[in-house]
Participant: 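Take this structure first; my questions come after.
Just so it is clear: chains get the letters A, B, ... in the order the sequence lines come, proteins before strands, and each one is counted from 1. Just so it is clear, the model here is predicted, and its values are computed rather than measured.
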2 protein chains.
Amino acid sequence: MNEKRQQILEAALKLFVTNGFHATPTTKIAQTAGVATGTLFHHFKTKEELINTLYLETKDVLIQSLSSQVDQQETIKGKLRQVFFNAIRWAVNHPEHQQFYDQFSNSPFISNITRELGHQRFQFIYDLLKQGQENDMLKPIPIDLLFEAIQGTLNGITKYLMDHPDKITDEQCLESAFALYWDTLKG
Amino acid sequence: MNEKRQQILEAALKLFVTNGFHATPTTKIAQTAGVATGTLFHHFKTKEELINTLYLETKDVLIQSLSSQVDQQETIKGKLRQVFFNAIRWAVNHPEHQQFYDQFSNSPFISNITRELGHQRFQFIYDLLKQGQENDMLKPIPIDLLFEAIQGTLNGITKYLMDHPDKITDEQCLESAFALYWDTLKG
DNA sequence: AGCTTTGTAGACTGATTAGTCGATTTACTA
DNA sequence: TAGTAAATCGACTAATCAGTCTACAAAGCT
């Protein structure tokens, strides 16, 4: 059954974001998931493998969400705008995954696992930025710097929305937020 | 002696940023600091108190660095510019503290301790932003949103500089980075 | 139906951990 | 100098943890 496996991942996610990786014993994960510890270690050889699996699966969903409907936009600005709102939507709809991702990204765990791989997955955003620069629409600065800056801006905006849930449906506020993002980018 | 206490804090900082909070045993901290575990627990009642102390002391130094020489600037833009370069300088000069601060801020630990207190300490930046808005220099959006956004932008820029140390002395690059920051703010 | 593989269970273990305790030394005060 | 308080030490403990082991149950295959 793949069902138990999924239950374990979900239980782990919840416990990790509230307690942290190391403060969450495997026994508690199993207990919360309603399975035995033996079952947990049957599906994941080690606790670390469980964490990494959770990270990679979370990232897969994130990447897919980010690129959704981007092709349907005509202009570079439209595409980047789509990415922006995709990112907001993902964070709002998957708050626990969002938290987990932030936590993992800033923890020393990340250095053990594929850090370079991270950027490769966001390649399509790099490509958008590069195109924008060639059209003289975006700032002519190192692309990594541009990427990190908007990533940061986006993180900040997301954090704000998480702390002020009433704003999530405030169209005007979201437009202002997009302006912050776009002004960071545009040359 | 306060010397041992300092040694403990320094050892803890190094171990925390490389191993994480929970993956760092108190025995190892004591050993690295060259003291006995009893000494560690004499200075800090619990491991959590040690972590919180480290966080608060780190933050104190950070805040002080951020506000340095800001008064000497005439304009709002000048003041915010000073804050920007102060932040960069702090991160460059205290990379371990910077890492620790990021790690702690994104960990579930933060929820246990004074989260609201965080913003209070940055009050002077809020004041600057408010003044700038009143002079129609900055974007007329919720001040929390503005704050989180530039905080995020700054984080991104810092991360970039950490990954590309050769750029740290590149004046032109730093000016470009400041432009990213300023364009996020200005209305 | 037999046989093999895979999934599930939970008691158990060896290692590790945060924190304690009583003994000893150092620093401070009168 | 005598006496007290604070600092240091490290062996020790009770609890907890990641991961193992053995047994049993489904499921798939021929």
Participant: Any side-chain donor-acceptor pair under 3.5 Å between B:Asn135 and B:Gln131?
Facilitator: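 B:Asn135 vs B:Gln131: no donor-acceptor pair found between side chains.
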
Participant: Please report, rounded to the nearest Å, how far the C1' atom of C:dT8 is from the CD atom of A:Gln7.
Facilitator: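 Going from CD in A:Gln7 over to C1' in C:dT8 covers 12 Å.
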
Participant: Under the ring pair (Phe, Tyr, Trp, His ring centres under 6.0 Å) rule, collect the residues that match up with B:Tyr160, sequence neighbours excluded.
Facilitator: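 By the ring pair (Phe, Tyr, Trp, His ring centres under 6.0 Å) rule, B:Tyr160 matches B:His164.
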
Participant: With sequence neighbours left out, write down each residue that passes ring pair (Phe, Tyr, Trp, His ring centres under 6.0 Å) with B:Phe41, or none if nothing qualifies.
Facilitator: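 Counting only residues at least two positions away or on another chain, B:Phe41 forms no ring pair (Phe, Tyr, Trp, His ring centres under 6.0 Å).
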
Participant: Heavy-atom contacts under 4.0 Å between residues 28-36 of chain A and DNA chain C, which residues?
Facilitator: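 DNA chain C contact set from residues 28-36 of chain A: A:Val35, A:Ala36.
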
Participant: Of B:Leu146, B:Ile150, B:Leu185, which is the lone residue that meets side chain to side chain contact (heavy atoms under 4.5 Å, CB included) with A:Leu180?
Facilitator: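 With A:Leu180 as partner, side chain to side chain contact (heavy atoms under 4.5 Å, CB included) holds for just one option, B:Leu146.
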
Participant: Going by ring pair (Phe, Tyr, Trp, His ring centres under 6.0 Å), name the residues that satisfy it together with B:Phe21, two or more places apart in sequence or in a different chain.
Facilitator: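 Ring pair (Phe, Tyr, Trp, His ring centres under 6.0 Å) list for B:Phe21, sorted by chain: B:Phe16, B:Phe100, B:Phe104, B:Phe109.
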
Participant: Can you tell me how far C1' of D:dT20 sits from CG of A:Leu40, to the nearest Å?
Facilitator: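 In whole Å, D:dT20 C1' and A:Leu40 CG are 13 Å from each other.
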
Participant: Take nucleotides 15-21 of chain C nucleotide by nucleotide from the 5' end and write B, S or -, depending on whether a protein heavy atom sits under 4.0 Å from the base, only from the sugar-phosphate, or from neither.
Facilitator: --SBBB-

Participant: List in chain and number order the residues that pass ring pair (Phe, Tyr, Trp, His ring centres under 6.0 Å) with B:Phe124, two or more places apart in sequence or in another chain; answer none if no residue qualifies.
Facilitator: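 Partners of B:Phe124 by the ring pair (Phe, Tyr, Trp, His ring centres under 6.0 Å) criterion come out as none, since no residue qualifies.
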
Participant: Taking only the side-chain nitrogens and oxygens of B:His42, find out if one of them lies under 4.0 Å from OP1 or OP2 of D:dA7.
Facilitator: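 Affirmative; the distance criterion is met.
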
Participant: Rounded to the nearest angstrom, tell me the gap between atom CZ in B:Arg5 and atom P in C:dT26.
Facilitator: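 So the two atoms are 22 Å apart, to the nearest Å.
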
Participant: Rounded to whole Å, please give me the gap between CD in B:Glu3 and C1' in D:dT8.
Facilitator: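 Atom CD in B:Glu3 sits about 13 Å away from atom C1' in D:dT8.
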
Participant: Please confirm whether the shortest side-chain N or O distance from A:Thr39 to OP1 or OP2 of C:dA9 is below 4.0 Å.
Facilitator: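 Yes, because at least one side-chain N or O of A:Thr39 sits under 4.0 Å from OP1 or OP2 of C:dA9.
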
Participant: How close or far is atom P of D:dC17 from atom CG of A:Asn19, stated in whole angstroms?
Facilitator: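 Checked: the CG to P distance equals 11 Å.
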
Participant: Using the ring of each side chain (for Trp, its six-membered ring), is B:His94 parallel, tilted or perpendicular to B:His97, with breaks at 30° and 60°?
Facilitator: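 B:His94 and B:His97: perpendicular rings.
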
Participant: Between A:Arg5 and A:Glu10, does any NZ, NE, NH1 or NH2 come within less than 4.0 Å of an OD or OE carboxylate oxygen?
Facilitator: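 No, this pair does not count.
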
